[in-house]
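Encoded as structure tokens, the structure appears first; notes follow it.
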Number of protein chains: 2
Amino acid sequence: MKLTEAKQQFISSWGAFGTHWGINRTMAQIHALLLVSPEPMTQDDIMEELNISRGNTNMNIRELINWGLVERVLLSGERKEYFLAEKDMWKVMKQIVKERKKRELEPMLQLLDKLADVEGDKRDKQIRTFVDTISSIKKLGLQADKTLDIMIKADEHWFLGTMMKFLK
Amino acid sequence: MKLTEAKQQFISSWGAFGTHWGINRTMAQIHALLLVSPEPMTQDDIMEELNISRGNTNMNIRELINWGLVERVLLSGERKEYFLAEKDMWKVMKQIVKERKKRELEPMLQLLDKLADVEGDKRDKQIRTFVDTISSIKKLGLQADKTLDIMIKADEHWFLGTMMKFLK
DNA sequence: CTAATCTTTCAATATATTTTGAAAATTCGA
DNA sequence: TCGAATTTTCAAAATATATTGAAAGATTAG
């Protein structure tokens, strides 16, 4: 397969993939494009390559920067901004995990805390089921929270190596 | 907090949560409702409780069944179908992981395999970056695949116990 | 300071997804 | 087998989300 075709396929699949994870197609496509680009790219480069509008490009680059996946680069002597994606996929994964944990898991755990102490007779079946469900979700959530925290801090080799030994 | 309010909040947040994970709001809400319901419920019960149409209810219940999160229950002497959610959250999580792995991770790994052998001079910077990126995504993906497989087969106590030892 | 270049915003538009509800299909008791 | 009860389907409508592009805002070279 030729590079151009492979690149197209990668960008398009990464985009489709993103939509399953609550990330919009364009954001994922820009990310994919920058991931396989050896050099930093400008907004215009990206617009042209993906055939999308200036506004759309701008918004989604910004979002990628918020997620910590892309950084602005200033090339000396150039007026334009260039954009560069983090290429170390372990770091990329940790960054995504970190953000999603902050944006989703942590608020959910807070909510579960509030919901856990519902009033009423604990012998009531409705109440008991509610409390039990909430508390088992919370237990699993806390477990995940801890595990992810360690992963976020970990070095790739240590983490994967140790993990593999344990899970064998 | 009263049970009714707590339930409302749980259902509504679980729905919002779902949308961040590529699951539609209604499907997540029905799941939440069934998770905290001690008894199996009928389609009509669900429609009424969530104020949604018959068609919508039916479609999403079926989708939950496809995901293996809800099962049909026939109560003796009753014509109607009842629906019951798996309450063991460890099993629920394993089931979700299993399905997403099959639907998303595995196809992605297949694609990466195809993309990995792009033609061309490996000294070309474009090609090298492409190949390197693809192969490091693949490496991480395979790692995840293995880990998730172990988790899917694992018993909760063994898995969490091992994790905890590992993470200390 | 000015003008050219570049970036950001956002209302309007386009697209995609979800929901409805009525009709068709199925199921099952009598 | 009939017909009432129940489930399923799916085209149309409603809603939600993403995209455009032109205008406004910001930045910097000269």
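A, B, ... follow the sequence lines: proteins, then strands. Residue 1 opens every chain.
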Would you please confirm or rule out a distance under 4.0 Å between OP1 or OP2 of [N] and any side-chain N or O of [X]?
X	N	result
Arg62(B)	dT9(D)	yes
Asn56(B)	dT20(C)	yes
Asn58(A)	dT20(D)	no

Inset, instruction - Side chain of Gln43(B) only, please: which of dT7(D), dT20(C), dT17(D) is the nearest? - result: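 Taking heavy atoms from C-beta onward, the closest nucleotide is dT7(D).
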
Legend entry - Proximity to the side chain of Asn24(A) - top-ranked nucleotide from dT8(D), dG21(C), dT19(D):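 It is dT19(D).
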
If I take atom [atom1] in residue [X] and atom [atom2] in nucleotide [N], what distance separates them, rounded to the nearest angstrom?
X	N	atom1	atom2	value
Glu78(A)	dT27(D)	CD	P	19 Å
Ile61(A)	dT19(D)	CD1	C1'	15 Å
Glu81(B)	dT26(C)	CD	C1'	11 Å
Asp45(B)	dT6(D)	CG	C1'	14 Å
Leu74(B)	dC28(C)	CG	C1'	12 Å
Arg54(B)	dT7(D)	CZ	P	8 Å
Glu63(A)	dA18(D)	CD	C1'	13 Å
Met47(A)	dT20(D)	CE	P	9 Å

Legend entry - 5'-most by nearest nucleotide on DNA chain C - Arg79(A) or Thr19(A):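 Of the two residues, Arg79(A) wins.
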
Legend entry - Residue whose closest nucleotide on DNA chain C lies nearer the 5' end, Ile23(B) versus Met59(A):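 This one resolves to Met59(A).
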
Inset, instruction - Could you tell me whether Gln110(B) atom CD has more than 12 heavy atoms of other residues or ligands within 6.0 Å of it? - result: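 Not more than 12 within 6.0 Å, no.
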
Inset, instruction - State whether the number of non-hydrogen atoms from other residues, nucleotides or ligands found under 6.0 Å of Lys122(A) atom NZ is greater than 12. - result: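 Above 12, so yes.
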
Legend entry - Parallel, tilted or perpendicular: ring planes of Trp14(A) versus His31(A), cut at 30 and 60 degrees: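 Aromatic pair Trp14(A)/His31(A) classed tilted.
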
Legend entry - Residue pair Glu49(A) / Met41(A), side-chain heavy-atom distance below 4.5 Å: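 Yes, at least one pair of side-chain atoms sits under 4.5 Å.
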
